[in-house]
**Q** 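Sending over a structure as structure tokens; questions will come in a sec.
Reminder, nothing fancy here: chain letters follow the sequence lines and each chain counts from 1.
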Amino acid sequence: AQTVTQSQPEMSVQEAETVTLSCTYDTSENNYYLFWYKQPPSRQMILVIRQEAYKQQNATENRFSVNFQKAAKSFSLKISDSQLGDTAMYFCALMKTSYDKVIFGPGTSLSVIP
Amino acid sequence: DTGVSQDPRHKITKRGQNVTFRCDPISEHNRLYWYRQTLGQGPEFLTYFQNEAQLEKSRLLSDRFSAERPKGSFSTLEIQRTEQGDSAMYLCASSLMVSGVNNEQFFGPGTRLTVL
């Protein structure tokens with residue numbers, strides 16, 4: 001069975017600072033996909049960043065980057081230069097193959113403080 | 001295309017009533033997923049379709065739940081004899097699978113169900 005754990009239910013960061021959200025997962029698959037999704041208050045879930053497990057290089061999307069540690073089954077998200085619009089629930093998620101459902105973690109509520 | 005849409009956005013019903021939700025995916029997307037999200041939790045997978053075929057159903061999907069995607073376009077999720085425990089946000093997502101590669105899932109705004 002696949003599981004995703006996020007040990008930080010809530011976090012806060014000052015505007016313009018950097019914050020790191022933690023995620024660990026468990027899967028018996030060798031090839032899989034990891035995601036960070038953002039769900040702003042009362043708004044739709046959107047994909048922030050995606051990592052294929054076979055790629056050693058950490059994914060980066062503008063201010064968002066990940067630290068993917070395959071052996072440790074760890075997948076953290078770093079948000080640089082935090083902005084007020086980054087306030088949202090962040091979900092770490094796992095997809096075991098390229099044609100499967102997504103397994104979500106419980107989420108981390110991030111508040112960016114002006 | 002304006003993305004994945006869901007209707008209604010909110011539904012309040014009394015226990016024991018039947019409810020039906022609709023999801024319209026992005027037009028060229030062949031995969032459609034249903035998830036359930038309770039307050040403070042991540043979405044949980046319910047079922048998904050490839051075109052009109054329902055390929056997998058979660059154990060969360062009791063006999064009171066049924067989903068269809070009759071023409072491989074929009075999908076409906078029906079809950080019969082609703083219970084208070086069915087209160088949740090029901091999310092729909094769609095994606096395009098090409099040559100065995102499933103691309104990003106795009107989520108709709110969800111239907112929030114409250115069972116009184």
**Q** Hey, could you give me the OH/CD distance between Y33(A) and E104(B), rounded to the nearest 0.5 Å?
**A**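 If I round to the nearest 0.5 Å, the distance is 14.0 Å.
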
**Q** For L55(B), is it the side chain, the backbone, both, or neither that has a heavy atom closer than 4.5 Å to a heavy atom of chain A?
**A**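 Nothing of L55(B), per the 4.5 Å heavy-atom cut-off to chain A.
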
**Q** Side chain, backbone, both or neither: which part of V102(A) has a heavy atom under 4.5 Å from chain B?
**A**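 Both backbone and side chain.
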
**Q** Do I49(A) and L110(A) land in one hydrophobic cluster if side-chain heavy atoms of ILVMFWY residues count as linked below 4.5 Å?
**A**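 I49(A) and L110(A): one cluster.
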
**Q** Could you look at E44(B) and say if it's the side chain, the backbone, both or neither that has a heavy atom under 4.5 Å from chain A?
**A**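 For E44(B), neither part sits under 4.5 Å from chain A.
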
**Q** Output the distance between atom OH (Y35(B)) and atom CZ (F104(A)), rounded to the nearest 0.5 Å.
**A**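 Between atom OH of Y35(B) and atom CZ of F104(A) there are 5.5 Å.
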
**Q** Need one label for E56(B): side chain, backbone, both or neither, based on atoms under 4.5 Å from any heavy atom in chain A.
**A**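 Contact with chain A is through the side chain of E56(B) alone.
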
**Q** Would V4(B) and L46(B) show up in the same hydrophobic cluster when neighbours are defined by side-chain heavy atoms closer than 4.5 Å?
**A**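 As far as the 4.5 Å side-chain criterion goes, L46(B) and V4(B) are not connected within one cluster.
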
**Q** If you count heavy atoms of other groups shown closer than 6.0 angstrom to NZ of K70(A), is the number above 12?
**A**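 More than 12 within 6.0 Å, yes.
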
**Q** Is there a path of hydrophobic side-chain contacts, each under 4.5 Å between heavy atoms of I, L, V, M, F, W or Y residues, that connects I79(A) with L84(A)?
**A**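 Looking at the clustering, L84(A) is in the same group as I79(A).
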
**Q** Could you check whether atom CD of E68(B) has more than 12 heavy atoms from other residues, nucleotides or ligands sitting under 6.0 Å from it?
**A**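 Open.
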
**Q** Mark yes or no: K101(A) above the aromatic ring of Y48(B), with NZ or CZ under 6.0 Å from the six-membered ring centre and no more than 45 degrees from the axis.
**A**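 Because its charged atom misses either the 6.0 Å distance or the 45° angle limit, K101(A) does not stack over Y48(B).
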
**Q** With a 4.5 Å heavy-atom cut-off, do F91(A) and P43(B) have their side chains touching?
**A**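 Result yes, sub-4.5 Å side-chain heavy-atom pair found.
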
**Q** Would you kindly confirm whether W34(B) and M97(B) end up in one hydrophobic cluster when ILVMFWY residues are joined by side chain heavy atoms under 4.5 Å apart?
**A**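 W34(B) does not cluster with M97(B).
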
**Q** Is the number of heavy atoms from other residues, nucleotides or ligands within 6.0 Å of NZ (K73(A)) greater than 12?
**A**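 Yes.
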
**Q** For the residue pair Q44(A) and F107(B), what are the closest heavy atoms and their distance?
**A**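 That closest heavy-atom pairing would be NE2-O, 2.7 Å.
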
**Q** Quick check for you: among Q6(A), M89(A), Q39(A), which has the greatest number of heavy-atom pairs under 4.5 Å with chain B?
**A**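 It is Q39(A).
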
**Q** Are F65(B) and F49(B) in one and the same hydrophobic cluster, where Ile, Leu, Val, Met, Phe, Trp and Tyr link if side-chain heavy atoms are under 4.5 Å apart?
**A**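 Linked, F65(B) and F49(B) end up in one cluster.
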
**Q** Please flag which part of F35(A) lies under 4.5 Å from any non-hydrogen atom of chain B: side chain, backbone, both or neither.
**A**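 F35(A) has no heavy atom closer than 4.5 Å to chain B.
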
